[in-house]
Protein chains: 2
Amino acid sequence: MAERPTMKDVARAAGVSLMTVSRVVAGEAGVAPQTAARVEEAIRTLGYQRNDIARNLRRKAQDSRTIGLVVDDLANPFFSALARSVEDEAYRRGFLVLVGSTNDDPRRERDVVSAFCARQVDGLVLVPTGGNRAFFRAQMARGVKVVCVDRPAAGLPVDCVAVDNRAGAGTAVRHLLVHGHRRIAYLGDRQEIWTQRERFAGYEEALAAAGLAVDTALVRHGLRGHQEAAAAIGELMASSAPPTALFSGNDLVTLGAVEAGASRRFALVGFDDFLLADKLNPPVSVVSQDPAALGRTAAQLLFGRIDGDDAAPRSVVLETRFVDRGSGGKVGEMAEAAKVVEVAGTGKVAEVAELAGTGEAGE
Amino acid sequence: MAERPTMKDVARAAGVSLMTVSRVVAGEAGVAPQTAARVEEAIRTLGYQRNDIARNLRRKAQDSRTIGLVVDDLANPFFSALARSVEDEAYRRGFLVLVGSTNDDPRRERDVVSAFCARQVDGLVLVPTGGNRAFFRAQMARGVKVVCVDRPAAGLPVDCVAVDNRAGAGTAVRHLLVHGHRRIAYLGDRQEIWTQRERFAGYEEALAAAGLAVDTALVRHGLRGHQEAAAAIGELMASSAPPTALFSGNDLVTLGAVEAGASRRFALVGFDDFLLADKLNPPVSVVSQDPAALGRTAAQLLFGRIDGDDAAPRSVVLETRFVDRGSGGKVGEMAEAAKVVEVAGTGKVAEVAELAGTGEAGE
DNA sequence: GTGAAAGCGCTAACAC
DNA sequence: GTGTTAGCGCTTTCAC
């Protein structure tokens, strides 16, 4: 457990003062070439590396060149893609990234953010949970810059990067309505999450615009993870008055729907695209957003703030794209859609997936 | 941009000495209740939060309570699952996690690790690239603990957590051999990556044990990402002497194979399980490993080392599991397998996916 | 060009 | 119980 050598050690070894070592390490001009060489030599033989923590403590520009990234769940593909792009932006600028998952738990969010701030992060890219407004206000008063991504933090005057969830959901639900569906179920994560509220609102509005009321028997909130979603969808499928179509509020719920076999019995459109969505049978139509673009934009905004931009908080709305892969049709139409996609996809294998009609699905 | 208040400010506001504030903040005993109350009050009104960086600089136990996590690509589902479990272990112990992706580039790895060490991390969970041996040796001499995960760092005497890639690959290839395949292609990522070398070795050994030579026309290395893999597989499919079966060296390559439609023309077994593998047509058989278990185990080893465990380096080999979903059969058999899986899976929808026989696939 | 002194925000060690 | 002094590893400032 060799102690890490300090500048003092290097100075002694090179027979110079501590200050000279500091200058050499910092790459400052004004050190005689031979002196510098002696210092470099000592650095090499001792294996010295500067302690950037001590350095930052004293520097004029009291920035730590570290940001915090706080997401709901780093293991979720959506957030990990977002995280990677934040990290890339930080790397380009020579910043380090502290990372933490909240599990959508305001207490853990508070723990994590508090620890980050105690480590003097210059800023935070934050996927906020529902709570902790006052807490963040206090941190910001201390000079920590905050940019929200994916969701705004209600009542916090900070930059935010997100998509128009309500409009995206509306598009999805209208797509189902156009295909003749009237009994459209909504399955989503907790309503405490802003994106879920927005997407549900888009669902409600699209139904209302079509003169339809929301049937609460067809609505399930609070589904955390794909297993929970699959179970809920199983119940729905077994009920006496099942829907003919499903709109799912995020990628995990869509996954659960696919796992439960719902995409074969019902029309299905999900929010968030996911890997292999186009290779399923039937391929799943989605409202797609770009997590890497969200992360990149949020990071750019944050670094702008860190660099001194003190304009009024900005809200950036990124695009959502409806990707029609055929799963939004009636079940009878879906086989056709699958056929077309497959032929176009491989250019070779022509086939039709035979679907067992369930009788319930055709409205 | 209010300056962050310091203990000095709190001390002045509460009319006590700096030391008393330090004691209150640290929760030490031996402060009179009323004095403590006055200090707490001052802390609240000033919005004081301790600067843990300055704290760590002076503390006896010179640990930063921060670890670094360095993976190939945080956006890759395998690594993000691993990252999440490392982060959970760290959170449980009150450690923070600095995170970085290397892109399998030794230079970026060096940059990132160097910056982490300059920030005095207590240890590193590392998915090593091929290079930088001497560099790591130097860091470890300075007291930074290192645990490798997913791959060992050749020549570095450190703990390592990984699966038996060679054996897993052997199982996969033998499975294909048992099903009568003799022209089995190997598609993998760069050979510089240890896991890829091991998996290829397992492929070679299994073929050799069956008295078969490796046909280099059926081998592709260096496939980064699923698009590259899909393109390479497309070429293979279009060649005059295509294989009848594919063994893919990681999840991304398997994904590429599925995207290229290879799983419908050839038998396919992939290394690494992936979301929805069981919902594809045909469902894809895989050699499965548990990235969360890898991360958790690595983190536990690392914290053991940080807590002073200085036993000889340990190598932990985690289990691999062959998940037979039917895609390893001959194409004729695959339809049967798909049928069985579907019936068992949904319990409701009985169906047979019709596959267009290509004539080439049956050996 | 180089160095001595002061101090960043905090804790360790000891005094009172 | 509380305060004083010293110092973590480094940079700033200013002297020579």
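Note that the coordinates shown come from a computational prediction; the quantities given were computed from them, not determined experimentally.
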side-chain N/O [X] vs [N] OP1/OP2, d < 4.0 Å:
X	N	value
B/Thr6	C/dG9	no
B/Thr20	D/dG3	yes
B/Thr35	D/dT2	yes

Between [atom2] on [N] and [atom1] on [X], what's the gap in Å once rounded to a whole number?
X	N	atom1	atom2	value
A/Arg142	C/dG9	CZ	C1'	15 Å
B/Leu57	C/dT11	CG	P	11 Å
B/Asp52	C/dC8	CG	P	19 Å
A/Leu18	D/dT12	CG	P	14 Å
A/Asn56	D/dC8	CG	C1'	15 Å
A/Met7	D/dT12	CE	P	11 Å
A/Asp9	D/dC10	CG	C1'	13 Å
A/Met19	D/dG9	CE	C1'	13 Å

(message) Over all strands shown, is A/Arg50 touching base, sugar-phosphate only, or nothing at heavy-atom distances under 4.0 angstrom?
(response)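 The residue A/Arg50 makes sugar-phosphate contact but no base contact.
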
(request) Classify the nucleic acid contact of A/Ile53 as base, sugar-phosphate or nothing, counting any heavy atom under 4.0 Å across all strands shown. (result)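 Contact class for A/Ile53: none.
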
(request) Report yes if a donor N or O on one partner sits less than 3.5 Å from an acceptor N or O on the other, where the partners are the side chain of A/Arg23 and the base of C/dG3; otherwise report no. (result)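 When only heavy-atom distances are counted, A/Arg23 does reach the base of C/dG3 through a donor-acceptor pair under 3.5 Å.
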
(request) Please confirm whether any donor atom in the side chain of A/Arg58 sits under 3.5 Å from an acceptor in the base of C/dG9, or the reverse. (result)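 There is none.
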
(message) On DNA chain D, compare the nucleotides closest to A/Tyr48 and B/Ala29; which residue's is nearer the 5' end?
(response)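 Its nucleotide being nearer the 5' end, the pick is B/Ala29.
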
(message) Need to verify one output field. Residue with the more 5' nearest nucleotide on DNA chain D, A/Glu28 or A/Lys8?
(response)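 Of the two residues, A/Lys8 wins.
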
(request) From the options D/dC10, C/dG9, C/dT11, select the nucleotide whose nearest atom is closest to the side chain of A/Ala54. (result)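 Out of D/dC10, C/dG9, C/dT11, the nucleotide with an atom closest to A/Ala54's side chain is D/dC10.
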
(request) Among D/dG9, D/dG1, D/dT11, find the nucleotide with the atom closest to the side chain of A/Arg59. (result)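 Output: D/dT11.
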
Without swapping roles, check the side chain of [X] against the backbone of [Y] for a donor-acceptor pair under 3.5 Å.
X	Y	result
B/Ser101	B/Leu74	yes
A/Arg133	A/Gly130	yes
A/Ser80	A/Pro77	yes
B/Arg137	B/Gly155	yes

(request) For B/Arg55 and for A/Val31, locate the closest nucleotide of DNA chain C by heavy-atom distance; then report the residue assigned to the nucleotide nearer the 5' terminus. (result)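 It is A/Val31, whose closest nucleotide lies nearer the 5' terminus.
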
(message) Is any side-chain heavy atom of A/Val113 closer than 4.5 Å to one of A/Val70?
(response)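 SC-SC contact between A/Val70 and A/Val113 confirmed.
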
